Structures are given as C-alpha cells and as structure tokens.
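Protein chains get the first letters and strands the later ones, always in sequence-line order, with residue 1 at the start of each. Predicted model, so just to flag it, every value in this text is computed and none were measured. These values consider heavy atoms only, across backbone and side chains, with no hydrogens, waters or symmetry-generated copies.
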2 protein chains.
Amino acid sequence: MNAQPLLNYINKYVSLTEEEALFLISKITFRKYLKGQYIVQQGDICKKQCFIISGCTKTFYMDANGQEHIILFAIEDWWTSDMGSFTTQTSADFNVQCIENTELIEITYDDSEELLLKIPKLERFFRKIVEKAYASSQKRIIRSFSLNAKEQYLYFKEQYPSIEQRVPQYMIASYLGITKEFFSKIKSQLAIED
Amino acid sequence: MNAQPLLNYINKYVSLTEEEALFLISKITFRKYLKGQYIVQQGDICKKQCFIISGCTKTFYMDANGQEHIILFAIEDWWTSDMGSFTTQTSADFNVQCIENTELIEITYDDSEELLLKIPKLERFFRKIVEKAYASSQKRIIRSFSLNAKEQYLYFKEQYPSIEQRVPQYMIASYLGITKEFFSKIKSQLAIED
DNA sequence: CTAAAAAGTTAATCTATATTAACTATTTTT
DNA sequence: AAAAATAGTTAATATAGATTAACTTTTTAG
C-alpha cells in the first residue's frame with residue numbers, strides 16, 4: 001500500500017516538503033480490517049486517528065437499551081475516530097466499526113503529538129479539518145430540529161448518494177434517527193410520489 | 001476593559017511570551033453590544049470570532065417557517081461565532097444574538113490569519129478549542145437521539161445550571177427542540193415528582 | 001443446493017410531542 | 001400607575017413516528 005491518498009489529501013490544505021512527507025510516512029501504519037471489526041469501542045481510550053484508503057465505517061453510540069445510533073459514516077478519503085476520546089485521551093463515547101473490509105492509515109496519539117511538534121504546519125492542517133467536521137456536525141443538529149424524517153432522508157440521499165448505495169437500509173434509518181419500519185414507509189411513499 | 005480573561009483562557013492551552021501577548025492584544029477589539037443586538041446574521045459572511053467577557057448570547061437557526069432553533073448559548077469565557085461561515089468565509093447558517101448586554105473581544109478573519117502566521121502556537125490553541133467544540137457537538141447529537149425531552153432537560157439543568165437561571169424559559173425549550181407548552185408540562189411533572 | 005440467519009416490508013395500534021386556544025403572570029413602555 | 005407587550009401555563013385535540021407482529025426477500029453458511 002502507499003501513502004499517496006493521504007499526502008494528496010493533506011496537500012489540499014498545506015504543502016509539505018519532501019522531508020516532512022517522509023517523516024510523516026515513517027510515523028504512520030497501514031492496516032486492514034475485516035467487515036465487522038471494531039476500530040474503536042465505546043469505553044476504550046481511542047488511541048488512533050484513521051484515514052480511510054478503501055472501505056466504509058460507521059460511528060455509533062449504543063444507548064442504555066442496547067440500541068445503536070449511527071452518528072456518521074466514513075468512506076475513502078475521510079478520517080474516522082472518536083475525536084473527543086482521542087484528543088483528551090479519555091474513554092470513548094462511540095464505537096467505530098467497519099461495515100466493509102477496510103484499508104486505512106493509522107496515526108497513534110503519541111505519534112501525532114510528535115508529528116505536530118516536528119511539523120507545525122500539521123497543526124494548521126488538523127485545525128482546518130476539525131473546523132470542517134465541527135461545522136458539519138452543527139448543520140446536522142439544525143437538520144434534526146428543522147426537517148422531518150422524509151426531508152432528512154432526501155437531504156441524505158442528495159448529499160451522500162454513494163453511501164446510500166453501499167450500506168444496509170437499517171443503518172440509514174439509524175443515521176436518520178428513525179426505525180427501519182418507518183424508513184420503509186417513507187421510501188414507499190416517495191416511490192408512489194414519482 | 002482589559003484582555004486578561006482572554007490571556008488566562010489561552011494560557012490554559014499554550015504559553016504565550018510577553019511579546020506574543022502584546023501582539024495579540026494589538027490585533028483584538030473590545031466591543032459592547034446591547035441586549036437584542038446581533039453579532040452575526042444568517043446570510044452574512046461572519047467576519048469575526050468573539051470571546052465573551054461578560055453577558056450571554058444565543059446561536060440559532062431560523063427555519064423556512066420563521067421558527068427559531070437555538071443550537072447553543074454562550075456566556076463569560078466562551079467563544080461565539082458561526083464557525084463554518086468564519087473559517088470558509090461563506091454565508092452564515094446561524095444568527096448570533098445577545099440576550100443580555102454583552103462585552104466581548106472580537107478578532108477579525110484577516111487579523112486571525114495574521115495572528116496564526118506570526119504566532120504559530122495559536123494554531124495549536126485554536127485546534128484544541130475546535131476539537132472540544134466538535135466533541136461536544138457530537139455528544140449533543142447523541143443526546144437528541146437517545147434521550148427523551150425530560151431526560152434532555154435534566155441533563156441541561158445539570159450541565160448548565162447558571163444558564164438555566166439567566167435565559168427565558170422559551171429559549172430553553174427551543175434549545176431542547178420542544179415547544180414552550182410541552183416544556184411547561186415537563187416542568188410541572190418534575191415539580192410533582194419531588 | 002439448502003437451511004438458517006439477516007434484512008426489509010406492511011399494517012394495526014400506541015405514544016411522545018405538536019398545535020391550537022384560552023388564560024395568567026411578568027416585564028416594559030408611556 | 002395603567003396599558004401594552006412579552007413570557008409562561010393549562011387543557012383538548014391532532015400527528016409524526018414508535019412498537020409489535022407477521023410476513024417476504026436477500027444474504028450467508030454448511
């Protein structure tokens with residue numbers, strides 16, 4: 001495997017010198033997960049941030065009744081992790097599980113600290129991607145307040161057409177915060193409308 | 001007014017030299033807003049990030065039906081702004097309005113870019129505070145999925161007892177994503193339970 | 001290839017919360 | 001201090017979405 005997808009991604013935000021890129025590469029690990037495997041488990045301290053080369057993950061919270069609530073999916077060229085747990089090295093609120101066989105690049109907490117010290121440009125890089133993630137998290141809160149289930153589904157479909165195709169429907173229902181039964185109903189209503 | 005509250009806050013994350021602190025101070029502006037005034041309006045490009053010295057603001061989204069949805073309150077020692085609009089300099093999704101007379105420190109977009117270049121330590125500082133904000137935004141998504149209205153209210157009460165005292169009840173209802181009538185009902189139920 | 005498990009659908013009933021409306025209490029303005 | 005405006009409450013009715021259960025379709029494993 002090669003680190004090119006990650007380097008390309010970083011280069012959209014900051015320009016690394018060849019030396020910096022080599023140091024970065026020396027600090028990352030390639031890893032393959034099988035479908036079903038966990039990258040992070042609720043309660044663990046999240047030790048790494050992951051950049052997905054291929055595959056798909058879901059980040060979800062398991063509530064007191066054993067119900068899964070998916071808060072985001074991640075695919076190629078996205079980061080995945082429990083950010084809150086990673087940055088504060090406290091126990092994770094979320095699970096991150098592979099829903100396809102997944103190849104990714106892992107950066108551990110200690111290595112990321114070292115990387116940030118040696119390549120201060122990466123502070124800027126990570127700041128910018130967290131800003132983006134934060135803005136989209138806030139937009140999601142708005143949507144859950146101001147759109148009903150059907151409207152939220154139509155938004156999801158439009159924003160992430162590729163994800164809709166590759167994940168089971170019951171996970172989309174979970175992402176939308178509704179039951180699979182009600183999701184079924186919405187889809188059949190929409191099918192009639194066209 | 002003085003910049004000490006901001007300097008104290010920053011020093012919890014990174015240590016500024018005296019020279020850096022002076023440069024920072026040269027780039028900030030003190031400003032007073034009256035209750036009711038807007039710091040950012042939906043549709044504007046958000047030109048500044050604000051650190052609150054005293055007072056209280058609400059950040060809300062006005063939907064197509066003219067309904068307000070409060071996504072967060074901010075008080076002394078908190079930052080407020082439309083982060084998504086500020087960082088990408090695109091039009092804001094949110095309004096930020098003062099709900100008390102409010103004194104704050106403003107940093108404009110251009111000045112913040114300059115500050116980040118001259119004091120790279122601040123990249124680290126802003127990265128860390130955005131990470132914190134992102135983590136709490138994700139936790140809010142979880143709560144809205146896994147707790148009912150009464151449970152969310154109890155959580156809010158416990159987390160932000162001081163905010164509960166100082167803002168009108170109908171704004172708390174909006175923050176919780178419920179109507180003021182249903183919020184009233186919840187409170188009277190809780191009153192009976194004790 | 002078949003059996004078992006997992007995923008998805010449909011319909012009936014139930015519930016948390018919204019809506020409407022009428023009323024009371026509090027704050028602001030004159 | 002009265003009038004007007006804003007904020008908060010209560011109760012009746014309505015609705016989006018949950019729950020339960022029975023069923024069909026698709027995927028996985030032996």
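- Here A:K187 lies in heavy-atom contact (under 4.0 Å) with sugar-phosphate atoms only.
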Going 5' to 3' through nucleotides 24-30 of chain C and flagging B where a protein heavy-atom sits under 4.0 Å of the base, S where only the sugar-phosphate is that close, and - otherwise, we get -------

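- Grouped with B:I52 in a hydrophobic cluster is no other residue, since no side-chain heavy-atom contact under 4.5 Å to another Ile, Leu, Val, Met, Phe, Trp or Tyr is found.
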Donor-acceptor pairs under 3.5 Å, side chain of residues 167-187 of chain A to any protein atom, not counting sequence neighbours: which ones?
unit_1: A:S174; atom_1: OG; unit_2: A:E68; atom_2: O; d: 3.2
unit_1: A:S174; atom_1: OG; unit_2: A:I70; atom_2: N; d: 2.9
unit_1: A:T179; atom_1: OG1; unit_2: A:F182; atom_2: N; d: 3.2

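- You can see that DNA chain D meets the heavy atoms of chain B within a 4.0 Å-exclusive cut from D:dA7 to D:dT10, reading 5' to 3'.
- Of the residues in residues 64-72 of chain B, not one comes within less than 4.0 Å of DNA chain D through any heavy atom.
- For the side-chain contact (heavy atoms from CB on, under 4.5 Å) test, residues two or more places apart in sequence or in another chain that qualify with A:E113 are A:Y109, A:L116, B:R124.
- Residues from residues 140-169 of chain B that place a heavy atom under 4.0 Å from any atom of DNA chain C, listed by number: B:N148, B:A149.
- Scanning for ring-ring contact (aromatic ring centres under 6.0 Å, His included) contacts around A:F126 gives A:W79, with sequence neighbours left out.
- Between its opening and closing five pairs, the helix from C:dC1-D:dG30 to C:dT30-D:dA1 changes axis direction by 50°, a value rounded to 10 degrees.
- Across residues 173-182 of chain B, B:G177, B:I178, B:T179, B:E181, B:F182 each have a non-hydrogen atom less than 4.0 Å from an atom of DNA chain C (numbered order).
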Result block: side-chain N/O donor-acceptor pairs under 3.5 angstrom for residues 39-49 of chain B, not counting sequence neighbours:
unit_1: B:Q42; atom_1: OE1; unit_2: B:M62; atom_2: N; d: 3.0
unit_1: B:Q42; atom_1: OE1; unit_2: B:N95; atom_2: ND2; d: 2.6
unit_1: B:Q42; atom_1: NE2; unit_2: B:M62; atom_2: O; d: 3.0
unit_1: B:K48; atom_1: NZ; unit_2: B:Y33; atom_2: OH; d: 3.2

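- Residues satisfying the side chain to side chain donor-acceptor pair (under 3.5 Å) test with B:S54, not counting sequence neighbours, are B:E103.
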